[in-house]
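First the proteins, then the strands, lettered A, B, ... as listed; each starts at 1. What you see below is based on every heavy atom in this structure, not just the backbone, and it leaves out hydrogens, waters and symmetry mates.
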Protein chains: 2
Amino acid sequence: MGVYIQVLEGLLLQEQQVISSEKLAEQCEVNPSQIRKDLAYFGEFGVRGVGYYVSDLLKAIKYFLGIDRNWNCILVGVGNLGRALLRHQQLAQKGFQIQMAFDCDPFKIGERVAGHEVICTRRLKEKAQQMQIDIGLISTPPERAQRAANHMMQAGIKGIVNFAPTRINVSQDVIVDYVDFSNHLISMAFRLSHP
Amino acid sequence: MGVYIQVLEGLLLQEQQVISSEKLAEQCEVNPSQIRKDLAYFGEFGVRGVGYYVSDLLKAIKYFLGIDRNWNCILVGVGNLGRALLRHQQLAQKGFQIQMAFDCDPFKIGERVAGHEVICTRRLKEKAQQMQIDIGLISTPPERAQRAANHMMQAGIKGIVNFAPTRINVSQDVIVDYVDFSNHLISMAFRLSHP
DNA sequence: ATATGTGAAAGTTTTCACAGCA
DNA sequence: TGCTGTGAAAACTTTCACATAT
């Protein structure tokens with residue numbers, strides 16, 4: 001689904017105004033019917049005999065996915081991965097604004113990274129509650145991920161994206177998404193082994 | 001599938017020798033039948049009335065997934081994300097050894113990161129062919145991802161994991177896997193918007 | 001003419017339910 | 001008794017094929 005956005009934004013840059021499900025399917029590497037089913041799901045956006053208006057379609061998809069607004073994010077763990085996330089252009093572009101960065105390393109506290117002052121993790125609750133934070137990103141080493149999650153839960157954050165390679169326990173009402181690099185490499189190893 | 005490994009390795013550390021599909025399902029957050037089906041797929045590894053022997057099961061899964069061996073990897077793009085990958089303990093632990101790191105920035109060439117000398121990307125083919133490289137990791141900015149992929153293809157690499165937020169074109173016989181952070185945040189936004 | 005939207009068919013995955021074995 | 005392995009059922013997803021709209 002995210003692929004659609006990526007491809008459609010590419011088309012917008014090329015100033016292509018209309019696209020057919022067939023052409024779009026080609027670029028997204030999926031079946032044309034798939035696309036028509038998906039797009040029909042949130043309203044009739046295509047024009048028969050013509051195709052889809054790229055700009056309108058993008059707006060509709062963004063609305064449907066809930067990214068027609070900004071999402072306030074915070075990040076815990078200003079290591080290399082944390083810095084990569086703080087500097088990641090596309091996140092901010094898509095409305096995922098990392099408002100604050102936390103770390104428990106005294107050497108990092110006070111440092112500025114990509115326009116953010118690094119704040120002590122113990123002050124997370126206090127700081128995060130001043131602003132309504134929607135999503136927390138964990139980019140700590142695995143052994144500190146649970147603690148980061150606990151801080152986030154205490155601040156009332158309901159969505160956690162965990163980049164640390166470990167599972168975390170959260171209360172029922174919190175949604176966790178895991179981003180695990182190893183899994184991608186495992187999947188690649190499997191595909192290379194079973195041609 | 002990678003979840004099984006993560007959880008089983010956790011159990012191994014806790015020196016738990018046997019686990020039932022029910023308990024394993026709980027930790028992996030899936031249905032017990034799911035697990036039994038999956039595990040039965042590559043042989044009868046469970047013992048009725050008892051459960052699965054953790055250590056044997058792990059070996060069987062690793063064999064099945066093709067990670068009972070080492071995979072030689074290279075990385076292109078020694079920015080923050082590249083450094084995070086080079087320092088990522090679990091990748092090496094799982095047999096994904098990043099053998100060389102490349103970058104086109106003259107200021108980075110020659111630098112040592114996590115025990116690797118950063119090499120000029122133009123020398124990739126020459127260097128990578130000396131060692132049989134299985135997998136290439138791209139952690140460049142998006143505008144340089146395609147070039148990195150081209151270098152990898154010229155060196156005969158058949159598996160590419162692309163961390164840059166852009167699609168790349170590769171020849172038929174090359175497998176590409178995309179790791180896109182934005183997609184995870186989009187999925188989170190969607191789940192938070194549709195409770 | 002051309003390309004969408006969609007019901008029906010085919011395919012795939014998940015879950016159930018219980019026989020079978022330690 | 002307790003827990004696996006598995007066929008059958010249910011749920012979900014993908015694809016086809018064509019009526020329908022511009």
Side-chain angles (χ1 to χ4, degrees), chain A residues 1-5 7-8 10-12 14-65 177-178 183 186-187 190-191 194, chain B residues 1-5 7-8 10-12 14 16-65 177-178 183 186-187 190-191 194-195:
Chain A
M1 199 83 218
V3 182
Y4 295 168
I5 296 180
V7 170
L8 289 170
L11 292 171
L12 212 60
Q14 293 165 47
E15 298 188 29
Q16 184 164 351
Q17 285 171 8
V18 181
I19 188 147
S20 67
S21 60
E22 198 163 347
K23 295 277 179 202
L24 188 55
E26 210 173 277
Q27 288 203 50
C28 299
E29 294 170 72
V30 294
N31 176 298
S33 305
Q34 181 77 266
I35 291 199
R36 294 203 296 279
K37 264 269 155 68
D38 285 352
L39 300 188
Y41 183 69
F42 48 94
E44 297 199 9
F45 271 91
V47 182
R48 293 174 196 222
V50 179
Y52 298 89
Y53 287 95
V54 175
S55 162
D56 292 356
L57 185 54
L58 243 178
K59 278 199 199 102
I61 293 180
K62 285 186 173 177
Y63 173 76
F64 174 72
L65 290 178
D177 186 27
Y178 293 94
N183 280 349
I186 289 173
S187 145
F190 180 72
R191 293 166 74 187
H194 299 77
Chain B
M1 199 82 219
V3 182
Y4 295 167
I5 296 181
V7 170
L8 289 169
L11 292 171
L12 211 61
Q14 292 165 48
Q16 184 163 351
Q17 284 168 11
V18 181
I19 188 148
S20 67
S21 60
E22 199 163 348
K23 295 275 180 203
L24 188 55
E26 212 173 274
Q27 289 204 48
C28 299
E29 293 170 74
V30 293
N31 178 298
S33 305
Q34 180 77 265
I35 291 200
R36 295 204 295 279
K37 264 268 156 68
D38 285 352
L39 300 187
Y41 183 68
F42 48 93
E44 298 201 7
F45 271 91
V47 182
R48 290 169 198 228
V50 180
Y52 299 88
Y53 287 96
V54 176
S55 161
D56 292 356
L57 184 55
L58 244 178
K59 279 198 199 103
I61 294 181
K62 285 186 173 176
Y63 172 76
F64 175 72
L65 290 178
D177 187 26
Y178 293 93
N183 280 350
I186 289 173
S187 146
F190 179 72
R191 293 167 73 187
H194 300 77

### Message
Using every non-hydrogen atom in the two residues, find where A:Asp177 and B:Arg191 come nearest and quote the distance to one decimal.
### Response
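So the two residues come closest at CB-NH1, 4.4 Å.
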
Nearest-Å distance, [atom1] ([X]) to [atom2] ([N])?
X: B:Ile35; N: D:dT6; atom1: CD1; atom2: C1'; result: 16 Å
X: B:Tyr41; N: C:dT14; atom1: OH; atom2: C1'; result: 16 Å
X: A:Leu57; N: C:dA3; atom1: CG; atom2: P; result: 16 Å
X: B:Lys23; N: D:dT4; atom1: NZ; atom2: C1'; result: 16 Å
X: B:Phe45; N: D:dT6; atom1: CZ; atom2: C1'; result: 18 Å
X: A:Arg36; N: D:dT20; atom1: CZ; atom2: P; result: 16 Å

### Query
Yes or no on side-chain contact (heavy atoms from CB on, under 4.5 Å) for A:Ile186 and B:Met1, after CA distance, side-chain angles and deciding distance?
CA-CA 9 Å; A:Ile186 289 173; B:Met1 199 82 219; over 6 Å; no

### Query
CG of A:Leu58 to CD1 of A:Ile5: how many Å apart, nearest 0.5 Å?
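Output value for this atom pair is 7.0 Å.
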
Under 4.0 Å from OP1 or OP2 of [N]: is there any side-chain N or O of [X] that close?
X: B:Asn31; N: C:dT13; result: no
X: B:Ser20; N: D:dC3; result: no
X: A:Tyr52; N: C:dG5; result: yes
X: B:Ser33; N: C:dC16; result: no
X: B:Gln34; N: C:dT15; result: yes

### Message
Tell me if the side-chain of A:Lys37 makes a donor-acceptor pair with the base of D:dT15, cut-off 3.5 Å, by modelled atom types.
### Response
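Answer yes: a donor N or O sits under 3.5 Å from an acceptor.
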
### Task
Tell whether A:Arg48 reaches the base of D:dT20 with its side chain through a donor-acceptor pair below 3.5 angstrom.
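Flag set: donor-acceptor pair detected.
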
### Task
Could you say whether A:Ala40 or A:Gly49 is positioned toward the 5' end of DNA chain C, judged by the nucleotide with the nearest heavy atom to each?
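The residue whose closest nucleotide sits nearer the 5' end is A:Gly49.
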
### Sugar-phosphate only, base, or nothing, as touched by B:Gly46 at under 4.0 Å among non-hydrogen atoms
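Answer is sugar-phosphate: B:Gly46 comes under 4.0 Å of backbone atoms only.
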
### Message
Does the plane of the ring in B:Phe190 sit parallel, tilted or perpendicular to the ring in A:Phe64? Use 30° and 60° as the thresholds.
### Response
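Answer is tilted, since the angle falls between 30° and 60°.
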
### Query
Regarding B:Tyr4 and B:Asp38, is there a side-chain donor-to-acceptor distance under 3.5 Å anywhere?
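Yes, a side-chain donor-acceptor pair sits under 3.5 Å.
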
### A:Asp38 vs B:Gly43, nearer the 5' end of DNA chain D by closest nucleotide
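Looking at DNA chain D, the more 5' nearest nucleotide goes with B:Gly43.
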
